[in-house]
Amino acid sequence: MCVNDLVVQGAEPLFFLDYFATGKLDVAAGTAIVAGIAEGCRQAGCALVGGETAEMPGMYSKGDYDLAGFSVGAAERDQLLPKEDVVEGDVILGLASSGVHSNGYSLVRRIVERGGLSYDQPAPFAPDRKLGEALLDPTRIYVKSCLAAVRAGTLKALAHITGGGLIENVPRVLPEGVVAEIDGSAWTLPPVFRWLAKEGGVAAHEMARTFNCGIGMVVVASAANAAEAERILRDGGETVYRIGRIRTRQGDEAQSQVLNQGGWA
């Protein structure tokens, strides 16, 4: 489990273990990879306690490797999320993402391939950077800011926007009888997603079902606590948008709806 998926349960990450497998260990690459993992752990405030490094000749092509890991956390019982009292009138906040994060890359690769692009060339949406570098901006880690808001008692639910985007992740933290109405005009679609939509001819609904579209974490708070939650999250370094509201569900309609996406083209 990644550290962002722990905090959505109200848990504090305690430690992380990694698994690194390759045909033949490249010391420089291995050192850079472990340094990146250690930086992520530092940002999350958890310990990197070890893991497994395996050389398996014949299993991997030269330069290829497998990388996995998991984190263990702990939560106070009375701070576990999501709360059961998510109701109509609650406010939905969105925390800005740092880029594509860690999902949707099958589609990203297809778009790059069909466009005849090279990862070494300047990114069309960020000409001062190489395309590969710009597409691989590290996933933002929301642990410290969100834990501060959890401990202050200002939050009812958190949804980490991974595979399934804004459409499929938010319902996981909602009770059956409510819907999340998200206003797609409440924030500006970042250049990388605007480029992916245009270059790949990806419809707005499919963008919202595949990518985070600039919102890496969704926060649900009561109307009374929303302003304080915003303050705590901003003090923690987050860019916060008010992106929607919770309302009563009608029939079997989808539990997460992204409206007003006209500016996403």
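For Asp85, the side-chain contact (heavy atoms from CB on, under 4.5 Å) test picks out Lys83, Lys156, with sequence neighbours left out. Ala186 is linked by a side-chain contact (heavy atoms from CB on, under 4.5 Å) to Asp183, Ile243, counting only residues two or more places apart in sequence or in another chain.
Counting only residues at least two apart or in different chains, side-chain hydrogen bond (donor to acceptor under 3.5 Å, both in side chains) contacts with residues 35-44 comprise Glu39-Arg42, Glu39-Gln43.
Of all non-hydrogen atoms in Ala75 and Gly10, the two that sit nearest each other are CB-O, 3.5 Å.
Looking at Asp64 and Lys24, no side-chain N of the basic residue comes within less than 4.0 Å of a carboxylate O on the acidic one, giving no salt bridge. A salt bridge is absent between Lys144 and Glu12; no separation between the charged side-chain nitrogens and carboxylate oxygens falls under 4.0 Å. Ion pairing of Arg247 with Glu181 is present here, as a side-chain N (NZ or NE/NH1/NH2) and a carboxylate O approach within less than 4.0 Å. A salt bridge between Arg140 and Glu238 is present, with a side-chain N of the basic residue lying under 4.0 Å from a carboxylate O of the acidic one.
Other residues, nucleotides and ligands contribute over 12 non-hydrogen atoms within 6.0 Å of the CD atom of Glu253.
Using a 30° and 60° split on the angle between ring planes, Tyr142 and His160 fall in the perpendicular class, above 60°.
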Under 3.5 Å donor-acceptor pairs involving side-chain atoms of residues 163-171, not counting sequence neighbours:
residue : atom : partner : partner atom : Å
Glu168  : OE2  : Arg209  : NH1          : 3.2
Asn169  : OD1  : Thr162  : OG1          : 3.3
Asn169  : OD1  : Arg172  : NH1          : 3.2
Asn169  : ND2  : Thr162  : O            : 3.3
Asn169  : ND2  : Gly163  : O            : 3.1
Asn169  : ND2  : Gly165  : O            : 2.8

Enumerate donor-acceptor pairs with a distance under 3.5 Å from any side-chain N or O in residues 191-202 to protein atoms, sequence neighbours excluded.
residue : atom : partner : partner atom : Å
Arg194  : NH1  : Gly263  : O            : 2.7
Arg194  : NH1  : Ala265  : O            : 3.4
Arg194  : NH2  : Leu189  : O            : 3.4

Side-chain atoms of residues 54-62: list all donor-acceptor pairs with protein atoms under 3.5 Å, sequence neighbours left out, distances to 0.1 Å.
residue : atom : partner : partner atom : Å
Glu55   : OE2  : Leu25   : N            : 2.7
Tyr60   : OH   : Asp66   : OD2          : 3.0

